[in-house]
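What follows is a short report on a single structure.
Both backbone and side-chain heavy atoms feed into the values below; hydrogens, waters and symmetry mates do not.
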Amino acid sequence: MLKENYTEVTEFILLGLTDRADLQPVLFVAFLVIYLITVIGNVGMILLIRTDTKLQTPMYFFLSHLSFVDLCYATNVTPQMLVHFLSEKKTISFLGCFIQFHFFIALVIADYYMLTVMAYDRYVAICKPLLYASKMSRGVCLSLVAAPYTYGFANGLAQTILMLRLSFCGPNEINHFYCADPPLLVLACSDTYVKETAMFVVAGSNLTCSLTIILISYIFIFRAILRIRSAEGRHKAFSTCGSHLTAVTVFYGTLFCMYLRPPSETSVEQGKIVAVFYIFMSPMLNPLIYSLRNKDVKKAIRRVIQEKFFVK
């Protein structure tokens, strides 16, 4: 039973990464640089893929959408975080908090299912190269891209509705730099059992399901690669998969640490550090991890530079 006399929370205070005033300007500069690199890298990758005819393949089509999702969920958190570094008032409205909460869950789920789609694309390309054109037709690619967005936003909406059913009548200080599940649950003054259970089930099942598909895809991929007789062919095949596996390991590892723990003050403090890696580092590094080691992308960048600066 809720108390009859309580005051509903109308805004939240985001405590951020640290309360040390001397570190705020330093953190502002650091995260501003990270965000600018993220925007330039991902926007540049999207424009490059959309304008270069030699990059009009399913693999780069999926990569452009991964870049878009990375850009969106970094933008969902970073601008407000930067403002709070330099301001005394670190508040966010109740509505603004839950909008951020919804988009964050939706985009993160879309992100790791986009990684799953990219693993499937590599599986078809390496294990069934003769059928690649038919199995990865334009219609199939559009469906594979639409599915993560639709499923992610449906999940985000469901989790937001469950969170809105809780009452927030006590302290309004969120021990985080954005509106996340665990620190919000700590503040709730009503029973959180249903929401906690839904969080664990949704996070655990989605992470496990998507990661299982990726692992199964790579089992078949590695078996196919080992059958390649030439060392050059094996190296080329491994090089297209190594970057993806590195990003998957970092991204999924941090998400498991973040969500598959009971919400508590200790887990929230640890979660802030973990969140830095998948909110800021992963979107910043993905254009480098996936593309700048790729010969096709390097050639496309050279062509753009030559056309813009050397062709009169």
Check your understanding: Picking from Tyr178, Tyr149, Phe153, what satisfies ring-ring contact (aromatic ring centres under 6.0 Å, His included) with Phe103?
Key ->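 Of all the options given, the one that passes is Phe153.
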
Exercise for review: Any chance you could lay out the side-chain contact (heavy atoms from CB on, under 4.5 Å) test for Leu23 and Leu17, step after step, and finish with the verdict?
Suggested key: CA-CA 10 Å; Leu23 290 179; Leu17 283 172; over 6 Å; no

Point to revise | Residue pair Leu115, Leu66: steps toward the side-chain contact (heavy atoms from CB on, under 4.5 Å) verdict | key: CA-CA 8 Å; Leu115 289 170; Leu66 181 71; 4.1 Å; yes

Consider only side-chain heavy atoms of I, L, V, M, F, W and Y, link residues closer than 4.5 Å, and tell whether [X] and [Y] are in one cluster.
X: Val77; Y: Leu86; value: yes
X: Leu36; Y: Val276; value: yes
X: Met118; Y: Phe222; value: yes
X: Tyr218; Y: Leu207; value: yes
X: Leu82; Y: Val29; value: yes

[X] side chain to [Y] backbone, donor-acceptor under 3.5 Å:
X: Asn42; Y: Phe68; result: no
X: Ser217; Y: Tyr123; result: no
X: Ser205; Y: Val202; result: yes
X: Asn155; Y: Tyr151; result: yes
X: Lys90; Y: His84; result: yes
X: Thr192; Y: Lys195; result: no
X: Thr150; Y: Ala147; result: no

Heavy-atom check, side chain of [X] versus side chain of [Y], under 4.5 Å:
X: Ile214; Y: Tyr112; answer: no
X: Ile105; Y: Asp181; answer: yes
X: Phe62; Y: Pro148; answer: no
X: Val248; Y: Leu211; answer: yes
X: Leu185; Y: Met199; answer: yes

Show the nearest heavy-atom pair for residues [X] and [Y], with the distance to one decimal.
X: Thr38; Y: Phe280; value: OG1-O, 4.1 Å
X: Gly156; Y: His102; value: C-ND1, 3.1 Å
X: Leu55; Y: Val297; value: CD2-N, 4.4 Å
X: Cys179; Y: Ile174; value: SG-CD1, 3.9 Å
X: Cys141; Y: Pro58; value: SG-CB, 3.7 Å
X: Asn76; Y: Phe104; value: ND2-N, 3.4 Å

Within this structure, what is the [atom1]-[atom2] distance for the pair [X] and [Y], rounded to the nearest 0.5 Å?
X: Leu187; Y: Asn172; atom1: CG; atom2: CG; answer: 7.5 Å
X: Gln159; Y: Leu164; atom1: CD; atom2: CG; answer: 11.5 Å
X: Lys128; Y: Lys135; atom1: NZ; atom2: NZ; answer: 4.5 Å
X: Met45; Y: Asp70; atom1: CE; atom2: CG; answer: 11.5 Å
X: Tyr60; Y: Ile49; atom1: OH; atom2: CD1; answer: 8.0 Å
X: Thr10; Y: Phe168; atom1: OG1; atom2: CZ; answer: 13.0 Å

Exercise for review: Quickly, which of Thr160, Ile161, Ile92 forms a side-chain contact (heavy atoms from CB on, under 4.5 Å) with Phe98? Name it, please.
Suggested key: Thr160

Review point. Knowing that exactly one of Leu14, Val9, Leu15 qualifies, which makes a side-chain contact (heavy atoms from CB on, under 4.5 Å) with Phe12?
Key: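 Exactly one option meets the side-chain contact (heavy atoms from CB on, under 4.5 Å) with Phe12, and it is Val9.
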
Exercise for review: Show your reasoning for whether side-chain contact (heavy atoms from CB on, under 4.5 Å) applies to Leu142 and Phe61.
Suggested key: CA-CA 9 Å; Leu142 289 173; Phe61 175 70; 3.8 Å; yes

Review point. Would you say Tyr132 has more than 12 foreign heavy atoms packed within less than 6.0 Å of its OH?
Key: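 More than 12 heavy atoms, drawn from other residues, nucleotides or ligands, come within 6.0 Å of this atom.
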
Exercise for review: Quick one: list whatever passes ring pair (Phe, Tyr, Trp, His ring centres under 6.0 Å) with Tyr120, sequence neighbours left out.
Suggested key: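 Tyr120 satisfies ring pair (Phe, Tyr, Trp, His ring centres under 6.0 Å) with no other residue.
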
Exercise for review: In sequence, state the C-alpha distance, the side-chain angles, and the governing distance for Asn206 and Tyr113, and then conclude on side-chain contact (heavy atoms from CB on, under 4.5 Å).
Suggested key: CA-CA 9 Å; Asn206 281 307; Tyr113 276 109; 3.0 Å; yes

Point to revise | Selection residues 12-31 - residue pairs positive for side-chain hydrogen bond (donor to acceptor under 3.5 Å, both in side chains), sequence neighbours left out | key: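 Listed once each, the pairs are Arg20-Asp22.
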
